[in-house]
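Labels below follow one simple rule: chain letters A, B, ... track the order of the sequence lines, proteins then strands, and each chain is numbered from 1.
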Protein chains: 2
Amino acid sequence: MKKPTIKDVAKLAGVSFKTVSRVVNKEASVSDEVRSKVLECIEKLNYQPNHTARVMRKAPFSLAFVYDNPNSHYVIEMQNGIISECRKRGFELVIHPTDSRSEEVGKELVAMIGSNQIGGVILTPPLSENRELVTFLLNRDAKVVRILSGAEAPDTLAPVIHVDDVGAARKMTDYLLDLGHQKIAFLGYHSSHESSLGRLEGFRAALTDRGLPVDKNLIIDGEFTFDSGMAMTREALKHNPTAIFACNDEIAAGAVFQSRLSGFKVPENISIVGFENSPFSVQTWPHLTTVNQPNFDIAASAAAMVIKMMQEKDVHSAETKGFSLDLVIRDSATKPA
Amino acid sequence: MKKPTIKDVAKLAGVSFKTVSRVVNKEASVSDEVRSKVLECIEKLNYQPNHTARVMRKAPFSLAFVYDNPNSHYVIEMQNGIISECRKRGFELVIHPTDSRSEEVGKELVAMIGSNQIGGVILTPPLSENRELVTFLLNRDAKVVRILSGAEAPDTLAPVIHVDDVGAARKMTDYLLDLGHQKIAFLGYHSSHESSLGRLEGFRAALTDRGLPVDKNLIIDGEFTFDSGMAMTREALKHNPTAIFACNDEIAAGAVFQSRLSGFKVPENISIVGFENSPFSVQTWPHLTTVNQPNFDIAASAAAMVIKMMQEKDVHSAETKGFSLDLVIRDSATKPA
DNA sequence: CCTTGCTTTGTCAACGTTGTCAAATCTTAT
DNA sequence: ATAAGATTTGACAACGTTGACAAAGCAAGG
């Protein structure tokens, strides 16, 4: 019992297969009478249009999500956002984890696009920061949307979604400052880690805005992990901060833990805030005050953009959309004693 | 500048396009001389075979990973495992998160398969437990591989990968018992949660094997979350256990935290073990002794199975493969005081 | 030098759709 | 009743590939 094709439906309905095609594609010029008969036959035979043949005549209905990020929570939220948009539009999502340091990335992606499986690509950091890669893809006329952090899009190569984590870091720092903290440690500076740079920038800006000095001893560098968070906290504690601004929630969780171990109550004796609003932020006690990243929405709007580009053939206008981030106030920060 | 097709290559190489096709498909009957000339032209034109056309004539080269699981870490590990296998074989992965309670699941999946985009499906719990869904898919001759927990495959409907978490729970309990613990609390029983059932079963079996009683007061039910872990621990502590067996790492993390809050040192005064070896297990102090689930390998072998089924058309022999799980001994459990 | 059999190459139809354009049918105005 | 126009339908090629089969080329055996 083979899969029914459009011709089987046509035969059953007593019309030409082109008419069936028209019904399937919801074209206008079909009489109501014929349409309903065809629809009925489709139902009866359980006909499914062959996606592949369709792609061959029209355009691909798939897009790729390309990432190189060890943070599962982030990846999943992004995926879900993209998928939700894909579902609405009848698109399929192909995921493409990759190694951003590898020379192969460009080739891999070009192969996907060249082979006509994929119509568009969503790039996340650090891939999206790679100008060379982007132009390379653009030259093979791929539809590309980049997700980047920063208050503004850095260029107009291709559409960009920018996520203002600098502004968010500043907001968070302001929040701590408003609470009355003066000595705030910054944990997680890492010169090669783009997002730590942005966050530090926001942190600094908030301090300087109020004419406060930026104490180098309180800017600690390390990895984005729990263990490193603990280590950095030991370091920071030597200089008696009243609050800790951690670059992400994992670090913050480590900080909470180490603080307690060192005899500080959180938040009574020391306030600690995170960044990301990841599951880790409620995996600790007290639950972390942090910054929410609306990854789902960011991803969905990126997907909407690529799909739009895939549909309107010519339009190449480098669109841009910005997201600002909000604080999530929970229990790990309060007024200093 | 359109994408080059096989015909362009043929023209350039001065051979028929069928010959090029043969080269591309690495068929034997091409003289070395011609082959290398063709290869050269392919290179020169930057020709990429059109995947779509290929799928139309042969079979789909994509498989779907279908899941309904809120645990990002699990999903990502599975994805990565599947992808690694796909890359080796030139397949693409389409992900399909879904709502297992919805009536639509079957239809969605049949639509994917019927439309010829997808050649096979990998099902994880709880979808894979749904016999009805599996037979439904099988009837539309989809290639299905199920991942299930349990020491053995429950039936021979379709190939199954079974993961022995019952055995692992027993191993873990034995470990605690060997350490000298007698009063062990079990946290995270939840009647509708398949995996908690299996783990409880293993826990019970280990006790009964040694002729020890199973104290109902020490079997606490609740969710698989940090907060619930804390709550269950408060409950358990009333009955003075010397060890806690948590159904997963999140619960264990909550347990560690609550224990400390209640004045117990971990592991000096109370031993706590988790399950899953998720990132949470090193996101706490001391790092958790837990059970490793080799999700990557499990997924990879599922992928290998589906791909094999897709390639060898007829073979329907319900293969089966089992995985046993190993303990990861870290620092959260030790001999009782 | 011709047959036989093997290897290499080519021709053509097919896969299941959609696009183009022409044919058939239905309206409406004269 | 008829021409003109609008709507609905159909025939056929095309998309880029592979499969089936036929043709050509070549070596060995008589």
Side-chain angles (χ1 to χ4, degrees), chain A residues 2-39 41-42 45-62 90 111-119 311 313, chain B residues 2-39 41-42 45-62 90 111-119 311 313:
Chain A
K2 279 193 58 66
K3 286 173 189 167
T5 76
I6 207 171
K7 290 187 185 174
D8 299 317
V9 179
K11 206 172 292 171
L12 185 65
V15 297
S16 83
F17 69 92
K18 178 70 229 211
T19 302
V20 178
S21 165
R22 280 192 257 260
V23 172
V24 170
N25 289 290
K26 301 196 195 354
E27 287 175 32
S29 60
V30 180
S31 68
D32 290 347
E33 189 192 8
V34 172
R35 180 191 310 281
S36 63
K37 185 168 54 176
V38 170
L39 249 17
C41 296
I42 287 180
L45 291 184
N46 228 300
Y47 164 73
Q48 301 274 0
N50 182 318
H51 185 89
T52 311
R54 215 159 173 182
V55 168
M56 193 162 65
R57 291 294 287 146
K58 310 191 94 162
F61 286 94
S62 306
M112 285 177 83
I113 290 159
S115 70
N116 231 44
Q117 300 174 75
I118 257 79
Q311 285 172 339
K313 295 204 164 186
Chain B
K2 280 193 59 68
K3 285 172 189 165
T5 77
I6 206 171
K7 290 186 186 173
D8 299 317
V9 178
K11 206 172 294 170
L12 186 64
V15 297
S16 83
F17 69 91
K18 179 68 230 212
T19 302
V20 178
S21 166
R22 279 192 257 261
V23 172
V24 170
N25 289 292
K26 302 196 194 354
E27 286 175 33
S29 61
V30 181
S31 68
D32 289 347
E33 187 192 9
V34 172
R35 181 190 309 283
S36 63
K37 184 167 55 174
V38 169
L39 248 19
C41 296
I42 287 180
L45 291 183
N46 226 301
Y47 164 73
Q48 302 277 359
N50 182 319
H51 189 255
T52 311
R54 213 159 175 180
V55 168
M56 193 162 65
R57 291 296 289 148
K58 311 191 96 163
F61 286 95
S62 306
M112 284 177 83
I113 290 158
S115 69
N116 231 45
Q117 300 175 72
I118 256 82
Q311 286 172 339
K313 293 203 164 189

Touch check for [X], heavy atoms < 4.0 angstrom, all strands: base, sugar-phosphate only, or nothing?
| X | value |
| --- | --- |
| V15(B) | sugar-phosphate |
| V55(A) | nothing |
| K58(B) | sugar-phosphate |
| N116(A) | nothing |

Do the side chain of [X] and the main chain of [Y] share a donor and acceptor less than 3.5 angstrom apart?
| X | Y | answer |
| --- | --- | --- |
| T19(B) | V15(B) | no |
| D8(B) | T5(B) | yes |
| N50(A) | T52(A) | yes |

Would you say the base of [N] and the side-chain of [X] have a donor-acceptor pair closer than 3.5 Å?
| X | N | result |
| --- | --- | --- |
| R22(A) | dG10(D) | yes |
| R57(B) | dT18(D) | yes |
| K7(A) | dG16(C) | no |

Whole angstroms only, please: what is the [atom1]-[atom2] distance between [X] and [N]?
| X | N | atom1 | atom2 | value |
| --- | --- | --- | --- | --- |
| M56(A) | dG19(C) | CE | C1' | 14 Å |
| N50(B) | dG16(C) | CG | C1' | 14 Å |
| F61(A) | dT17(C) | CZ | C1' | 11 Å |
| K11(B) | dG10(C) | NZ | C1' | 16 Å |
| K18(B) | dA22(D) | NZ | P | 15 Å |
| D32(A) | dT8(D) | CG | P | 8 Å |
| H51(B) | dC15(D) | NE2 | C1' | 16 Å |
| K3(B) | dT17(D) | NZ | P | 11 Å |

Does the side chain of [X] get closer than 4.0 angstrom to OP1 or OP2 of [N] through an N or O atom?
| X | N | value |
| --- | --- | --- |
| T19(A) | dG10(D) | yes |
| S21(A) | dT18(C) | yes |
| R54(B) | dG16(D) | no |
| S29(B) | dT8(C) | no |
| N25(B) | dT18(D) | yes |

Go through [options] for me and flag the one nearest to the [X] side chain.
| X | options | answer |
| --- | --- | --- |
| S31(B) | dT18(D), dG10(D), dT8(C) | dT8(C) |
| I6(A) | dT9(D), dG10(C), dT18(C) | dT18(C) |
| V30(A) | dT18(D), dT9(D), dT18(C) | dT9(D) |
| T5(B) | dG16(D), dT9(C), dG16(C) | dG16(D) |

Q | Separation between CZ of R35(B) and CZ of R22(B), rounded to the nearest 0.5 Å | A |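 Those atoms lie 11.0 Å apart.
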
(Q) Just verifying a value: how many Å separate K58(A) NZ and H51(A) NE2, rounded to the nearest 0.5 Å? (A) 11.5 Å

Q: Apply side-chain hydrogen bond (donor to acceptor under 3.5 Å, both in side chains) to the pair Q117(B) and S115(B), showing each step before the final yes or no.
A: CA-CA 6 Å; Q117(B) 300 175 72; S115(B) 69; 3.0 Å; yes

